[in-house]
Amino acid sequence: MHGATQEGFDAVITPATQRSFQLPMTLVLADPDHFASEEGHVGLTLFPGDGDVSSPDVSWSCISFNAFRERLARAEGFSLPEMWGFGGNRPWSDISTTLEPLLDHPDAGGDDLSTAHCAAMLPRLQAITGEWLEKPDEPLLQQHIQDAQRLMVVLRFCVDESVALIFL
């Protein structure tokens with residue numbers, strides 16, 4: 001956390017402590033410029049399951065993570081809100097994408113994503129990010145590009161270290 005706090009928050013993550021998320025009245029800000037800063041909004045962090053708090057991670061508010069996944073789904077040719085588990089009735093068996101483990105995952109908790117999942121998702125995420133870079137400049141798209149790049153760093157780390165990706 002590098003000393004960043006927000007008034008009224010009492011949970012702090014430092015390199016010497018384990019990652020934790022305490023509810024309902026506190027919100028840990030790993031990166032106050034990137035993570036949800038609105039009171040009452042819950043966030044999530046994806047990180048390698050190597051037990052080292054200094055390993056790379058990526059964080060979103062749940063709203064931002066949903067918007068990121070919706071854009072990824074559109075890039076894969078479908079609408080996330082039409083899918084089972086996201087308000088729709090379309091089964092995931094209708095979709096063929098290596099990004100399914102990320103797209104069809106609970107915001108927090110759920111099963112860890114294996115090293116094999118991370119390795120399979122990396123090339124497609126890189127290709128989509130390349131496509132996004134060719135589009136006109138738009139603030140939300142630029143944020144999604146940065147998020148994808150951060151996620152790719154974490155996925156690459158998981159592959160290189162042979163560890164799972166954890167959602168918290």
Side-chain angles (χ1 to χ4, degrees), residues 19-24 27-31 34-50 55-159 162-168:
R19 288 181 173 91
S20 66
F21 192 80
Q22 300 177 357
L23 292 176
L27 177 65
V28 177
L29 298 178
D31 179 353
H34 182 69
F35 202 76
S37 60
E38 299 173 25
E39 192 170 333
H41 283 221
V42 177
L44 70 150
T45 301
L46 280 60
F47 60 94
D50 64 348
S55 297
D57 61 25
V58 59
S59 299
W60 289 272
S61 70
C62 288
I63 292 168
S64 295
F65 185 58
N66 186 60
F68 176 69
R69 289 196 297 183
E70 283 185 3
R71 188 176 295 261
L72 284 173
R74 283 192 308 271
E76 292 294 76
F78 67 96
S79 171
L80 194 59
E82 72 186 19
M83 301 306 297
W84 186 86
F86 290 88
N89 294 319
R90 187 174 180 187
W92 283 94
S93 59
D94 284 358
I95 304 300
S96 177
T97 174
T98 59
L99 297 179
E100 182 183 343
L102 176 69
L103 298 174
D104 184 25
H105 194 282
D107 286 356
D111 292 337
D112 299 342
L113 299 187
S114 70
T115 302
H117 284 129
C118 295
M121 289 188 296
L122 257 174
R124 185 62 188 136
L125 192 55
Q126 289 170 328
I128 290 171
T129 304
E131 293 168 12
W132 289 349
L133 286 167
E134 296 174 6
K135 294 187 178 187
D137 191 29
E138 143 195 2
L140 189 54
L141 177 59
Q142 294 306 310
Q143 182 61 54
H144 288 164
I145 290 168
Q146 290 174 5
D147 291 341
Q149 290 169 335
R150 288 180 181 126
L151 178 56
M152 286 186 288
V153 167
V154 175
L155 293 174
R156 171 60 51 207
F157 186 91
C158 289
V159 170
S162 297
V163 296
L165 178 68
I166 299 174
F167 285 63
L168 179 68

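Treat the numbers as computed from the prediction; the structure is a model and nothing was measured.
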Side-chain donor or acceptor of Thr115 paired with backbone N/O of Val163 under 3.5 Å = yes
ask   = Pro81 and Glu70: which non-hydrogen atoms are nearest, and at how many Å?
value = CG-OE2, 3.7 Å
ask   = Have Ser55 and Asp50 got a donor and an acceptor in their side chains that come within less than 3.5 Å?
value = yes
query = More than 12 non-hydrogen atoms from neighbouring residues, nucleotides or ligands closer than 6.0 Å to CH2 on Trp84, yes or no?
reply = no
ask   = Do Asp57 and Leu168 touch side chain to side chain, with heavy atoms closer than 4.5 Å?
value = no
ask   = With a 4.5 Å limit on heavy-atom distance, are the side chains of Asp94 and Pro91 in contact?
value = yes
note = salt bridge (charged side-chain N to carboxylate O under 4.0 Å, His left out) pairs touching residues 95-121, sequence neighbours excluded, are Arg69-Asp107
Within-4.5 Å side-chain heavy-atom neighbours: His117 and Leu165 = no
ask   = Got Ile128 and Arg71 here, is their nearest side-chain heavy-atom distance under 4.5 Å?
value = no
request  = Measure the CD-CZ distance between Gln146 and Phe68 for me, rounded to the nearest 0.5 Å.
outcome  = 11.5 Å
note = Here the pair of heavy atoms bringing Thr45 nearest to Ser59 is OG1-OG, 3.0 Å
task = Start with the C-alpha gap between Leu125 and Leu72, add the side-chain angles, then the distance that decides, and say whether side chain to side chain contact (heavy atoms under 4.5 Å, CB included) holds.
result = CA-CA 8 Å; Leu125 192 55; Leu72 284 173; 3.7 Å; yes
ask   = What's the verdict on side chain to side chain contact (heavy atoms under 4.5 Å, CB included) for Phe65 and Asp147, showing C-alpha distance, side-chain angles and the deciding distance?
value = CA-CA 9 Å; Phe65 185 58; Asp147 291 341; over 6 Å; no
Partners meeting side chain to side chain contact (heavy atoms under 4.5 Å, CB included) with Asn89 (sequence neighbours left out) = none
note = Exactly one of Pro56, Cys118, Pro48 clears side-chain contact (heavy atoms from CB on, under 4.5 Å) with Leu155, and that residue is Cys118
ask   = Looking only at heavy atoms, what is the nearest atom pair of Phe78 and Arg90, with distance?
value = CB-NH1, 3.7 Å
ask   = Can you tell me how far the CG atom of Leu99 sits from the CD atom of Glu76, to the nearest 0.5 Å?
value = 5.0 Å
task = Before giving the answer on side chain to side chain contact (heavy atoms under 4.5 Å, CB included), spell out for Thr129 and Met152 the whole-Å C-alpha distance, their side-chain angles and the decisive distance to 0.1 Å.
result = CA-CA 10 Å; Thr129 304; Met152 286 186 288; 3.7 Å; yes
inquiry  = Do Leu102 and Leu46 have side chains that approach each other closer than 4.5 Å (heavy atoms only, starting at C-beta)?
reply    = yes
ask   = Does the side chain of Asn66 come within less than 4.5 Å of Trp60's, by heavy atoms?
value = no
request  = For Met121 and Leu151, run side chain to side chain contact (heavy atoms under 4.5 Å, CB included): C-alpha distance rounded to whole Å, both residues' side-chain angles, the deciding distance at 0.1 Å, then the answer.
outcome  = CA-CA 10 Å; Met121 289 188 296; Leu151 178 56; over 6 Å; no
query = Going by heavy atoms in the side chains, are Leu103 and Phe86 under 4.5 Å from each other?
reply = no
query = Quick one: side chain to side chain contact (heavy atoms under 4.5 Å, CB included) partners of Arg156, sequence neighbours excluded?
reply = Leu122, Val159, Asp160
